[in-house]
Amino acid sequence: MSNGTALNAARRVPGQIDIWYFVLIEAIIFSSYFITYMLYRVWESPLFLQSQVHLSQNFGALNTVILLVSSWLVAQAVQAAREQKFDAAQKLVMMTMACGVLFIISKIFEWSSKIHQGFEFSTNRFFSFYYFLTGIHVLHVLIGFIFLGVVIYQLRSPQRRSITVIESGAIFWHMVDFLWVIIFALLYVMR
Amino acid sequence: MSAIDKRLALVCLLLTGVTLLSWWLGNSHGSHAFALNAGITCSVILIAALKVRVIVWEFMELNRAPLRMQRIADALLASLIALLLTLYFSGRAA
Amino acid sequence: MSLWHRVAWHCKNNPKIELWIMWWAMFCFYQLFGIVFALMTRVMPPPKPWWDHARIVQWFNDNHYGLLWGFGIIFLVAGITASMNALIAYSMTRMSVSRVFSYIYLAIYSLSTLPGMLLTAILLTVGALRPDRDPAIISWIYDAAFTGFVGTMGVFFIGTSVWMLAVLLDKNRVFPLWFGYLNICNLLTEIVVAPMWIFKEGPFAWNGVIAFWVDTLVFVVYTIAFITLLRRMIVREDFGDGPLPELEQRA
Amino acid sequence: MDKTTRKVDGEIILFWALPFLALTWIVIFFLFPGFSPPMSPTMSADQVAAFYRDPENLPRIRYSMILFNWFGVGIITFLSLIVMQMKRMAHRTPILAYCYLGCSTGGPALFFLADLFWLMAAFRPERDPQLTQLFNDLAWISFTGQVGFIVAQCIFLALAIFLDRQDSPVFPRWVAHFNLLIAAAIAPAAFVAIALTGPLAWDGLLSFWLRNGAMALWLVVMTVVVGKTIYRQRTQEETAA
């Protein structure tokens with residue numbers, strides 16, 4: 001890092017530059033959601049704190065770990081693809097997808113237990129934000145499956161195997177991961 | 001296991017450890033803990049920022065990307081965190 | 001050469017004149033749309049969903065002439081939407097994808113004008129038409145107009161998805177890849193807006209920070225992007241000046 | 001190709017459906033009591049309700065609007081015939097035909113909406129007069145004010161004719177000028193809601209008589225033009241075959 005400018009020539013953009021524009025715009029949009037959440041949280045602080053009691057910290061932490069592991073797996077997959085180990089890479093992406101499925105299943109469990117306890121989307125402001133943020137995030141997980149599907153499709157045939165496309169798919173998946181990290185902090189843990 | 005694989009595994013371990021730390025922060029004060037607590041909030045948000053930065057740098061491989069991209073990413077993350085914390089503390093002050 | 005002469009010259013000699021006319025029509029339509037909806041009728045940003053009857057009647061009275069003249073303009077120029085749909089559908093015929101994409105786009109967006117824009121305009125015009133109408137009915141018109149305007153989602157959702165798919169599959173790179181991804185952002189806004197059917201106040205209501213402001217900003221960025229990119233597409237288009245290929249065959 | 005069924009023959013059948021459709025439109029126009037003379041926008045809610053409750057009017061409103069519901073959208077067949085002719089023109093892109101096609105669904109959909117509002121107003125005329133008046137207003141504004149697609153259609157066709165640069169163009173030049181003239185005559189009706197009295201009101205000179213007159217004239221003239229063109233096309237295809 002110290003001689004950064006000297007190294008700049010050797011630096012390269014991972015994946016397509018286009019996916020980075022996309023990540024940038026998504027990050028900005030989600031930031032606006034987070035800031036809105038914080039604003040309402042400041043205005044209605046007691047309500048948010050009381051409602052937060054009903055969220056399960058364990059579920060939140062478990063979700064985070066699942067996604068972190070999935071991110072790790074897909075990062076390994078990219079590495080394997082670079083080393084021409086395409087079968088291993090494919091398996092790793094499959095495992096990533098399995099983690100994603102696990103995440104969604106745990107989310108459905110969590111939502112249904114909340115609904116059973118009588119907390120719905122329109123119950124109060126905190127739960128509106130809770131269902132909104134987790135819902136839009138799960139939607140990104142679903143879009144992530146499409147990206148990972150494209151990655152597997154690339155890995156399957158020797159004619160394709162474009163490293164750039166594989167890296168781009170992984171970058172999207174990592175974005176889903178880091179968005180969840182912030183959602184976890186804001187919804188579950190902060191006071 | 002290559003050097004890169006080791007590094008990725010270490011990163012994942014670090015992230016999981018930090019997650020467990022914030023989980024402990026959220027749980028450690030018992031059930032009557034749901035009161036305003038600037039210490040917890042501050043550390044949790046900073047931990048999240050650290051995790052985001054590590055994911056972006058190590059997993060998304062921004063550490064090898066052109067400097068301009070790194071600067072934009074850092075600026076965005078820093079301003080989001082700064083804004084969130086400012087809002088939080090201005091709300092407490094009011 | 002004066003502007004008028006230049007325009008006349010292009011009409012006579014520019015082989016891309018059909019595309020340019022459509023592009024300029026689209027460009028002017030969005031300017032006009034902005035002026036009418038934001039400045040004349042005050043529909044954007046939308047007024048509050050929690051107002052009582054008296055306040056709603058007052059809103060209609062405050063904007064009486066703005067609504068009537070503004071939507072008169074919209075009624076007059078609504079047909080221009082066809083030219084931009086045609087231009088975008090044409091852009092898809094230039095891609096390495098099946099024609100079905102342009103046909104779907106054309107069909108969906110021909111439909112979208114009615115619920116997405118004209119129904120609101122008709123309702124608000126009728127609301128402003130008779131200030132002495134029963135306030136309860138005026139309030140019904142108000143709700144119908146704004147929920148319909150902000151809450152029309154499916155046509156844009158499916159239409160954007162189709163365009164996205166075409167851009168991502170295209171090998172000719174008529175549009176850059178990032179625009180394909182930007183389509184995902186735009187179609188997500190159509191999902192994010194859904195809670196406005198449930199909430200009457202707060203960030204998810206029809207004037208809320210998330211359901212209206214963030215979505216509108218994304219839409220504006222998206223619109224500016226595709227207007228610019230369509231212009232670039234037309235500039236790059238190379239028809240040459242010779243006779244049309246079909247005509248040579250016929251001769 | 002089979003001599004007995006040419007592609008253009010189907011178009012000719014569609015073309016000859018037009019006089020029948022036009023006949024139904026004339027019947028609708030005279031059957032609907034709200035058109036002769038056009039209902040005044042200044043009528044109070046009670047007067048509007050009384051108009052719909054009148055046993056003389058009610059069946060005529062219902063049957064005329066049911067007919068309109070059936071046959072109003074028939075105009076799309078004719079508009080599509082024009083699209084086919086536009087596709088024969090010497091253009092570099094199909095974009096003008098796409099524009100026309102887009103408009104040809106938009107315009108009739110709005111007429112259809114007006115028809116539905118009229119039928120809804122007549123369905124339960126005994127309800128609160130304010131509601132009957134609301135449906136009546138919605139119907140008249142949708143029927144009279146929604147000229148955007150028709151105006152755009154005329155302009156697109158005119159543009160297409162101007163850009164059709166070949167030795168024997170599909171339509172003669174004057175058709176383009178005629179369409180622009182019709183567009184200008186129809187345009188003022190967009191501002192129907194500005195006034196409840198005077199030429200712009202929905203029973204006024206500009207919004208009702210000029211607009212509907214212009215549309216009728218357009219229909220007659222374009223029928224002749226399109227008919228001639230289709231038959232000429234058939235002769236050409238016969239000699240080419």
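Residue numbering restarts at 1 for every chain, and letters A, B, ... go by the order of the sequence lines.
Of the inter-residue distances, the one linking S43(B) atom OG with M190(A) atom CE reads 11.0 Å to the nearest 0.5 angstrom. Here the CD1 atom belonging to I35(A) is positioned 8.0 Å from the OG atom belonging to S79(B), to the nearest 0.5 angstrom. From R12(A), atom CZ reaches atom CD of E61(B) across 7.0 Å, with rounding to the nearest 0.5 Å. How far CG of L62(A) is from OG1 of T19(B): 11.0 Å, rounded to the nearest 0.5 Å.
In this structure, S31(A) and L80(B) approach most closely via the heavy-atom pair CB-CD1, 3.7 Å. Closest heavy-atom contact between W72(A) and F59(B): CA-CZ, 3.8 Å. Of all heavy-atom pairs between Y88(B) and V42(A), the closest is CA-CG2, 4.0 Å. Of all heavy-atom pairs between V181(A) and A48(B), the closest is CG1-O, 3.8 Å.
At a 4.5 Å heavy-atom cutoff, the contact between L8(B) and chain A is made by backbone and side-chain atoms alike. For a residue to count as touching a neighbouring chain, one of its non-hydrogen atoms must lie under 4.5 Å from one of that chain's; by this rule V54(B) does not touch chain A. Contacts between M69(B) and chain A at a heavy-atom distance below 4.5 Å involve the side chain alone, from C-beta outward. In this structure, chain B has a heavy atom under 4.5 Å from the side chain of V23(A), while its backbone stays farther away. Proximity to chain A (any heavy atom under 4.5 Å) is shown, for L77(B), by neither the backbone nor the side chain. For I4(B), the part lying under 4.5 angstrom from a heavy atom of chain A is the side chain only. For F184(A), the part lying under 4.5 angstrom from a heavy atom of chain B is the side chain only. There is no contact between L179(A) and chain B, counting heavy-atom distances below 4.5 Å. In this structure, chain A has heavy atoms under 4.5 Å from both the backbone and the side chain of L87(B). At a 4.5 Å heavy-atom cutoff, the contact between S45(A) and chain B is made by side-chain atoms alone.
Between chain A and the residues L84(B), I81(B), V56(B), L76(B), the largest count of heavy-atom pairs under 4.5 Å involves L84(B). Chain B forms more heavy-atom pairs under 4.5 Å with one residue of W173(A), F34(A), Y37(A), W20(A) than with any other, namely W20(A). Chain B forms the most heavy-atom pairs under 4.5 Å with one residue out of L186(A), N58(A), I182(A), I28(A), and that residue is N58(A). The most heavy-atom pairs under 4.5 Å with chain B, out of G60(A), A75(A), A80(A), come from A75(A). Among the candidates A61(A), G15(A), P46(A), A27(A), the residue making the largest number of heavy-atom pairs closer than 4.5 Å to chain B is A61(A). Across R64(B), E58(B), M60(B), the residue that shares the most heavy-atom pairs under 4.5 angstrom with chain A is M60(B).
Around NZ of K91(A), the count of heavy atoms belonging to other residues, nucleotides or ligands within 6.0 Å does not exceed 12. Crowding of R82(A) atom CZ: a count of heavy atoms from other residues, nucleotides or ligands under 6.0 Å exceeding 12. Open room surrounds OH on Y21(A); 12 or fewer heavy atoms of other groups in view lie less than 6.0 Å from it.
Residues R191(A) and V44(B) are not in side-chain contact: their nearest non-hydrogen atoms beyond the backbone lie 4.5 Å or more apart. Counting only heavy atoms from C-beta outward, the side chains of R53(B) and F178(A) never approach each other to under 4.5 Å. At least one side-chain heavy atom of Q70(B) sits less than 4.5 Å from a side-chain heavy atom of R11(A).
Residues of residues 10-18 of chain B lying under 4.5 angstrom from chain A, judged on non-hydrogen atoms, are C12(B), L15(B), T16(B) in numerical order.
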Exercise. Verify side-chain contact (heavy atoms from CB on, under 4.5 Å) between I45(B) and M38(A), making sure each step is shown before the conclusion.
Key: CA-CA 12 Å; I45(B) 289 181; M38(A) 198 54 122; 3.8 Å; yes
